[in-house]
Amino acid sequence: MMKAGELRDAYLNFFRSKQHTIVSSAPMVIKNDPTLMFTNAGMNQFKDIFLGNQAPAHNRVANSQKCLRVSGKHNDLEEVGLDTYHHTMFEMLGNWSFGDYFKKEAIEWAWEFLTRQLNIPEERLYSTVFEGSAEEDVPRDDEAAEYWKGCFRNPENHIIEGSKKDNFWEMGETGPCGPCSEIHVDIRPDSERRDKPGHLLVNKGHPHVIEIWNLVFIQYNRKAGGELEQLPARHVDTGMGFERLCMVIQGKKSNYDTDIFLPIISGTASVTGKSYGKEERWDIAHRVIADHLRTVAFSIADGQMPSNNRAGYVIRRILRRAVRYGYTSLEMSEPFIYKLVPELISVMGRHYPELTAQQEIISRVIFEEEQAFLKTLGKGLKMIERQVAALKNEGKDLFPGSDAFELFDTYGFPVDLTQLILRENSMRLDIDEYNRELSAQKVRSRDDATITAGDWTVVHDADTTVFTGYDRTEETVHIARYRKVNVRGKEVVHLVFDRTPFYAESGGQVGDKGHISSGVEVIVITDTIKENNLTIHIAEKVPSEPSRIFTAVVDHAARHQTANNHTATHLMHHALRHILGKHVEQKGSLVTPDKLRFDFSHFSQVTPGEIAAVEQMVNDMIMKNIPSEVVDETPMEEALAMGAMALFGEKYGEKVRVVSFGESVELCGGTHVENTSSIGLFKIISEGAVAAGVRRIEAVTGRGALAYINDRLKTLEEITVMLRSTGNPAANVSKLIAENGALRHTIEKMEGAAAASSRRELEQNAVALDACNLYSGVVPDVSAETLKNIAHQLRQSDGRCAVIIGSENDGKASLLVCFGDEVVKTTSLNAVDIIKSAAPEINGGGGGQPFLATAGGKKPEGLRNAIGKAVALVTDRAGNVKK
RNA sequence: GGGGAAUUAGCUCAGUUGGCCAGAGCACCUGCCUUGCACGCAGGGGGUCAAGGGUUCGACUCCCUUAUUCUCCA
């Protein structure tokens, strides 16, 4: 039986023999593209070629691409695992022609590979061709059909016409598109095939009559108005699902039965003690876990950690879904998925070395995520149990949907688990209410996120934007095109130039700011971004005369600080690897004019000593006046030979730019200083954890570093002045803290003593009434806090006490009324009533609880009257004075 | 990007419409009893209730701002 690895090699070797260049898989996680978070098809990395924004490096290319799909018509996350053929992550085998071969070769080679190399019997194969569309004025794809006829010995019923839905491929609303031809395979047993011929089941959702390969022939361009125009250069884009192909070749009925998944599933079985193929709900869980583990591990290897927004959040959700299935179906309440990483690596590690290299960090991150989610589950369980108990007390059995939604929305407790627990308690969930709340939230979010982009207005023909910003910050430019974009009611303008000195946000370095001027007006550029290989300058308004010649000027000071910070990032990266070890890998980077932030893999805290050593080393490199050496357009192999490190999860072209400062050698497209001395000074301002196994350092350079240090020194100076100390301020402060503690102790004791003596005085002057013993009077100059103290002491010693005391403190009056427990129980006396009647005398108000009430006021002279009034009220209600 | 929530002792968390001097368990210290598998008993230390404003006689509690974290939607 052909193994998965051999099959992948066979495919790549086959197309190599047809003069294709084999390229490596692009990262699965896409950075710097707001429109797409993950690679979802093999053609993603060639998008710019199809759009005409970039010239192809090779005319024929083939690869195996790791892809991730979590939404779309056939890939709803909640469906994965329930059946045997959906996945979140999958590999796509693809071959491409950029303006080179077309339908004939694409079809014949596909046929040759499947029938001669893989020996799939041709009677099990079916192909589809586009039936044509009168509405679009596109004819039936006779050309493709002809070539297919040449392939099949018996073409009858094996070439099927398909509609626009299945057989016309479009990249988006606008852009390149064309008819496609799919290849389907029927893997049913012979008996079933005799009963019902396969051509009746093509594209009918049958799990064993499936599409394995889609050949797209790009020959049109769809314009904004909807009409199609012929493209000058025609392309081929094909994609074949690798997992499905394995299933076919290995004679299995399920993708999960191939050697891609089985080792992981048997790993899960042995860890959980629940074997595969015994019980349906166990099997679903096994499939979910195997699929999701793959996705999450690959994502982490690409540098995307689970987190709480965007791509990171998608990854977190996928992992949590796996934990949830493990928890409910396999009864795993402890982290276990991280233990399966070695099995995954045994399957995928050879072709994807980024997995093997980062095994430790992958396991740790997964472990930590599992633990965190199990904790949220525990919390949710507690909350739900409390609510269930409350409802049961009221004799209700309908659990409110809004509560279930709150559990899900605020605490991340999945609704299916809520339902499971409710069933166990013979209760039911108001699912309609839940769904209403959920869709209300969706509407709210969608309304807020709408961005409407207008059509481009072309001013000047220019294929690409030439970037001249490495050498200069000023440039004479033409506006090539512009459009208006509406972001939440605010209108901004996108400008594209023929050439530009503006650096577009990329590789962690933020986009340049600045302005353009034409002599008649000045337009401010607030940011520069990259979209589909276009450099877009964001401006506040459209120039009144866009066709004029403009001078584009980058904010020089900001650019210079950014360059300082970017170069410093390289130096620090080098220093970290030197001091902490070679396991340090960049996991993220942000470079702004103000500061730099660098995330990297490291498994323990960076000690203050190590921080100091890194800082020292970077500053040494700054002081050595190391000049930059930049090599543009170097082939990747040469760059690697120069000692440059390629980052996992980063997409590189064939030719790369290498930036070196002495021993620091990096692949980088950013702007840098000419000499390290320009940085001036480097200072680390914080170090911390950002995820399991990932640390983050923030630092400042140049003027920023100086400002930071001066600020700290100023604080120190202020402290020294305040301490009037000439010696060591730290020693002085610690002495002060110790003294302060001792003083507080003394004060507490003295206040206690004062309270005790006031209490004794009150006790001596107490008056016994029928229902209580009245303690009243003015206590000289104590805080409301001390009054409370006295009252509490009296309450504890005398359950029949009625305390009415007041004091003047800081020019304000405080008043307190307090009753012993017995008084509260046996009489109608209420401290709140009394205090409310008496408080006006001191020009204030108050309140409290029946046994204790306090009031404050601004008129201390009224204190005696207030106490008198309160005493009168109490005596009145509690009977006469006993002689 | 938008909504919801959280932040209280070294750790895990209680704290009811604003007022019983801010609590429990674990950990720590002291003593006793015991010598062992989360020992037990008695006592003790430890808090700017995330930060900053505001409302109030009075704020852990209500309002606003900020920070951090969690969570859902996009």
Side-chain angles (χ1 to χ4, degrees), chain A residues 34-35 37 70-71 306-314 316-317 320 369 372-373 375-380 382-383 386 390 402-415 434 437-451 487-490 686 688-691 737 740-741 744-745 748 751-752 755 782-796 803 806-807 809-810 812-821 824 830-832 835-836 838-860 862-863 866:
Chain A
T35 60
M37 291 190 288
V70 283
S71 57
S307 75
N308 61 356
N309 56 39
R310 293 192 63 82
Y313 183 58
V314 172
R316 174 171 280 173
R317 242 171 53 201
R320 290 188 165 191
E369 278 291 313
F373 184 54
K375 211 174 119 184
T376 21
L377 281 185
K379 262 188 184 173
K382 240 161 91 179
M383 295 174 95
R386 206 184 303 171
S402 58
D403 287 356
F405 180 73
E406 193 198 341
L407 273 166
F408 172 63
D409 179 51
T410 304
Y411 302 100
F413 195 78
V415 71
Y434 172 85
E437 297 261 3
L438 188 66
S439 54
Q441 158 150 255
K442 285 186 186 183
V443 169
R444 202 168 46 224
S445 290
R446 205 176 5 253
D447 288 351
D448 215 85
T450 29
I451 297 172
V487 187
R488 286 192 314 283
K490 237 185 98 184
S686 77
V690 38
I737 291 172
N740 189 37
R744 225 170 52 197
H745 238 91
E748 266 169 29
E751 279 197 340
V782 294
S783 64
E785 198 68 14
T786 313
L787 282 184
K788 258 190 202 174
N789 255 323
I790 296 169
H792 279 290
Q793 286 179 17
L794 288 169
R795 249 173 73 78
Q796 261 157 26
V803 185
S807 179
N809 184 244
D810 264 347
K812 287 203 278 187
S814 19
L815 193 64
L816 178 143
V817 176
C818 171
F819 296 117
D821 288 334
V824 177
N830 187 320
V832 179
I835 208 96
K836 288 221 162 116
E841 299 290 334
I842 52 167
N843 228 346
Q849 291 180 335
F851 59 92
L852 178 98
T854 57
K858 294 175 183 102
K859 201 174 105 187
L863 207 49

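These figures come from a predicted structure and were not determined experimentally. Letters A, B, ... mirror the listed sequences (proteins, then strands); counts begin at 1. The figures that follow rest on heavy atoms only: side chains count, while hydrogens, waters and symmetry mates do not.
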Asker: In whole Å, measure the gap between the C1' atoms of B:A50 and B:U68 for me.
Answerer: 8 Å
Asker: Using the C1' atom in both, what is the distance from B:G15 to B:C28, to the nearest Å?
Answerer: 24 Å
Asker: Could you check how far NZ of A:K442 sits from P of B:C72, rounded to whole Å?
Answerer: 13 Å
Asker: Any idea which heavy atoms bring A:A838 and A:L815 closest together, and the distance?
Answerer: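 Minimum heavy-atom separation between A:A838 and A:L815: CB-CD2, 4.0 Å.
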Asker: Taking the same atom, C1', in B:C49 and in B:C13, what whole-Å distance lies between them?
Answerer: 14 Å
Asker: Atom SG in A:C818, atom NE2 in A:H792: separation rounded to 0.5 Å?
Answerer: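 Spacing of SG (A:C818) from NE2 (A:H792) equals 7.0 Å.
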Asker: For the P atoms, the ones on B:C60 and on B:G18, what distance do you get once it is rounded to whole angstrom?
Answerer: 13 Å
Asker: What is the distance from CD of A:E369 to C1' of B:C70, rounded to the nearest Å?
Answerer: 11 Å
Asker: Starting at the 5' end of RNA chain B, which residue's closest nucleotide do you reach first, A:G844 or A:H792?
Answerer: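 The answer here is A:H792.
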Asker: Could you tell me which nucleotide pairs with B:U30 by Watson-Crick or G-U wobble geometry, both distances under 3.5 Å, or answer none if nothing does?
Answerer: B:A42
Asker: With hydrogens left out and only the distance checked, is there a donor-acceptor pair under 3.5 Å joining A:T854's side chain and the base of B:G19?
Answerer: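 A donor-acceptor contact between them is present.
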Asker: Answer with base, sugar-phosphate or nothing: what part of the nucleic acid does A:G846 contact at a heavy-atom distance below 4.0 Å?
Answerer: base
Asker: Given atom CG of A:L377 and atom C1' of B:U71, what is their separation to the nearest angstrom?
Answerer: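 About 13 Å, once rounded to whole Å.
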Asker: Between A:L787 (CG) and B:G19 (P), how many Å, whole number?
Answerer: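 Distance, rounded to whole Å: 19 Å.
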Asker: From CG of A:L815 over to P of B:G19, roughly how many Å is that when rounded to an integer?
Answerer: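 So the two atoms are 19 Å apart, to the nearest Å.
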Asker: Check A:A866 against A:I842 and note the closest heavy-atom contact, atom names and distance.
Answerer: CB-CG2, 4.1 Å
Asker: Expressed as a whole number of Å, how far does the C1' atom of B:C57 sit from that of B:U12?
Answerer: 37 Å
Asker: Taking the P atom in each of B:A51 and B:G4, what is the distance between them to the nearest angstrom?
Answerer: 23 Å
Asker: Using side-chain heavy atoms (C-beta onward) and a distance below 4.5 Å, is A:L816 in contact with A:L852?
Answerer: yes
Asker: Please tell me which of the listed nucleotides, B:G3, B:A5, B:C70, lies nearest to the side chain of A:D409?
Answerer: B:G3
Asker: Mark up nucleotides 11-17 of chain B, 5' to 3', with B wherever a protein heavy atom is under 4.0 angstrom from a base atom, S wherever such an atom reaches only the sugar-phosphate, and - elsewhere.
Answerer: --S----
Asker: What nucleic acid atoms does A:F408 come within less than 4.0 Å of, heavy atoms only: base, sugar-phosphate, or nothing?
Answerer: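 Result for A:F408 = sugar-phosphate.
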Asker: With a 3.5 angstrom cut-off on both distances, give the Watson-Crick or G-U wobble partner of B:U17, or none if there isn't one.
Answerer: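 Paired with B:U17, as far as the under-3.5 Å criterion goes, is no nucleotide at all.
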Asker: Heavy-atom nearest nucleotide on RNA chain B for A:R320 versus A:R795: which residue maps closer to 5'?
Answerer: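 On the 5' side of the pair lies A:R795.
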Asker: Ignoring hydrogens, what is the shortest heavy-atom contact between A:A813 and A:P860? Give both atom names and the distance.
Answerer: CB-CA, 3.8 Å
Asker: Report the distance from atom CZ of A:F408 to atom CD of A:Q441, rounding to the nearest 0.5 Å.
Answerer: 8.0 Å
Asker: Tell which nucleotide pairs with B:A59, taking only Watson-Crick or G-U wobble pairs whose two distances are both under 3.5 angstrom.
Answerer: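 Paired with B:A59, as far as the under-3.5 Å criterion goes, is no nucleotide at all.
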Asker: What distance separates A:F413 CZ from A:F405 CZ, expressed to the nearest 0.5 Å?
Answerer: 15.5 Å
Asker: Once you apply the 3.5 Å cut-off to both distances, tell me the Watson-Crick or G-U wobble partner of B:U69, or none.
Answerer: B:A5
Asker: Provide, to the nearest angstrom, the distance between the CZ atom belonging to A:R317 and the P atom belonging to B:C70.
Answerer: 16 Å
Asker: Among the nucleotides B:A5, B:G2, B:A74, which one has an atom lying closest to any side-chain atom of A:Y411?
Answerer: B:A5
Asker: If you measure from the C1' atom in B:C21 to the same atom in B:C32, how many Å do you get, rounded?
Answerer: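 Here B:C21 and B:C32 have their C1' atoms 31 Å from each other.
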Asker: Check whether any side-chain N or O of A:Y313 sits under 4.0 Å from OP1 or OP2 of B:C70, and answer yes or no.
Answerer: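 For B:C70, OP1/OP2 do not have a side-chain N/O of A:Y313 under 4.0 Å.
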Asker: Drop me the distance from A:Q849's CD to A:N830's CG, to the nearest 0.5 angstrom.
Answerer: 10.5 Å
Asker: Would you mind reporting whether A:T854 and A:L787 have side-chain heavy atoms less than 4.5 Å apart?
Answerer: no
Asker: Can a side chain N or O of A:R316 be found less than 4.0 Å away from OP1 or OP2 on B:C72?
Answerer: no
Asker: For A:S402 and A:E437, work out which heavy atoms get closest and say how close.
Answerer: CB-OE2, 3.4 Å
Asker: Report the distance from atom NZ of A:K788 to atom C1' of B:A22, rounded to the nearest whole Å.
Answerer: 11 Å
Asker: For B:G4, does the base pair up with any side-chain atom of A:Q441 as donor and acceptor (N or O, under 3.5 Å, distance only)?
Answerer: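 It does not, because no donor-acceptor pair links the side chain of A:Q441 to the base of B:G4 below 3.5 Å.
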Asker: Atom OH of A:Y434 to atom C1' of B:C73: distance rounded to whole Å?
Answerer: 11 Å
Asker: With a 3.5 Å limit on both atom pairs, tell me what B:A24 is paired to, counting Watson-Crick and G-U wobble, or say none.
Answerer: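 WC or wobble partner is B:U12.
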Asker: Mind checking the P distance from B:G25 to B:C41? Whole angstroms is fine.
Answerer: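 Per the computed distance, 11 Å lies between those P atoms.
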